[in-house]
Amino acid sequence: MNASQSILLLAALLFSIGLMIVFIKRNAIMILLGIELMFNSANLNLIAFNQSQPFLVDGQIFAIFIIIVAVCEAAVGIAIILRAYHYYHSAIPDHVSELKEKN
């Protein structure tokens, strides 16, 4: 097993763990954590596939874009979760039944 195959195996493991977290956990912050793990596994895949053609930097550029998108997603997601927690006093998405303020 060479280095690229090891990296791809690690990426598949990270993606599986992230997907399991998204499906099993009920807390919104943990769901965001699972999504971040899946983004990181996609980055590992891009870097592993980029190793086969080292003169191209396409995989590294896409990985940087994914990191930027992940940071923006985390910031917006945390802001939405904090606002929902302020109104509903819960970070569990099932407890938020409507998108308007409770009276």
Side-chain angles (χ1 to χ4, degrees):
M1 182 180 284
N2 61 14
S4 293
Q5 290 174 339
S6 299
I7 293 173
L8 290 175
L9 186 64
L10 175 66
L13 182 68
L14 277 178
F15 189 84
S16 299
I17 292 171
L19 192 63
M20 187 174 59
I21 288 173
V22 168
F23 284 142
I24 292 175
K25 295 295 182 182
R26 293 182 42 153
N27 191 343
I29 303 238
M30 292 301 291
I31 292 171
L32 282 177
L33 182 91
I35 292 171
E36 293 295 327
L37 274 175
M38 290 190 285
F39 276 144
N40 287 331
S41 71
N43 282 339
L44 280 175
N45 278 330
L46 288 170
I47 298 302
F49 288 131
N50 194 36
Q51 282 184 348
S52 64
Q53 297 175 348
F55 55 89
L56 295 176
V57 293
D58 295 340
Q60 295 171 2
I61 291 173
F62 282 130
I64 290 172
F65 282 128
I66 288 176
I67 291 170
I68 292 169
V69 167
V71 167
C72 296
E73 175 261 335
V76 170
I78 294 287
I80 290 171
I81 290 169
L82 287 176
R83 181 55 60 183
Y85 184 79
H86 175 73
Y87 287 126
Y88 296 101
H89 302 292
S90 175
I92 299 173
D94 293 338
H95 293 170
V96 180
S97 60
E98 54 192 34
L99 292 177
K100 62 181 181 177
E101 181 179 344
K102 290 189 339 184
N103 292 330

Which other residues end up in the same hydrophobic cluster as Ile92, if Ile, Leu, Val, Met, Phe, Trp and Tyr are linked when side-chain heavy atoms come under 4.5 Å apart?
none

Would you list the atom pairs, donor with acceptor, under 3.5 Å between side chains in residues 35-49 and any protein atom, with sequence neighbours excluded?
residue : atom : partner : partner atom : Å
Asn40   : ND2  : Glu36   : O            : 3.4
Ser41   : OG   : Met38   : O            : 2.7

With Ser90, which residues qualify under side-chain hydrogen bond (donor to acceptor under 3.5 Å, both in side chains), at least two apart?
His95

List in chain and number order the residues that pass side-chain hydrogen bond (donor to acceptor under 3.5 Å, both in side chains) with Gln51, two or more places apart in sequence or in another chain; answer none if no residue qualifies.
Ser4

Which donor-acceptor pairs under 3.5 Å do the side chains of residues 17-31 make with protein atoms, sequence neighbours left out?
residue : atom : partner : partner atom : Å
Asn27   : OD1  : Ile29   : N            : 3.3

Do Val71 and Leu32 share a hydrophobic cluster, counting only Ile, Leu, Val, Met, Phe, Trp and Tyr and linking them when any side-chain heavy atoms are less than 4.5 Å apart?
no

Among the clusters formed by ILVMFWY side chains lying less than 4.5 Å apart, do Phe15 and Leu33 turn up in the same one?
no

From Ile78 atom CD1 to Glu73 atom CD, the distance as rounded to the nearest 0.5 Å
9.0 Å

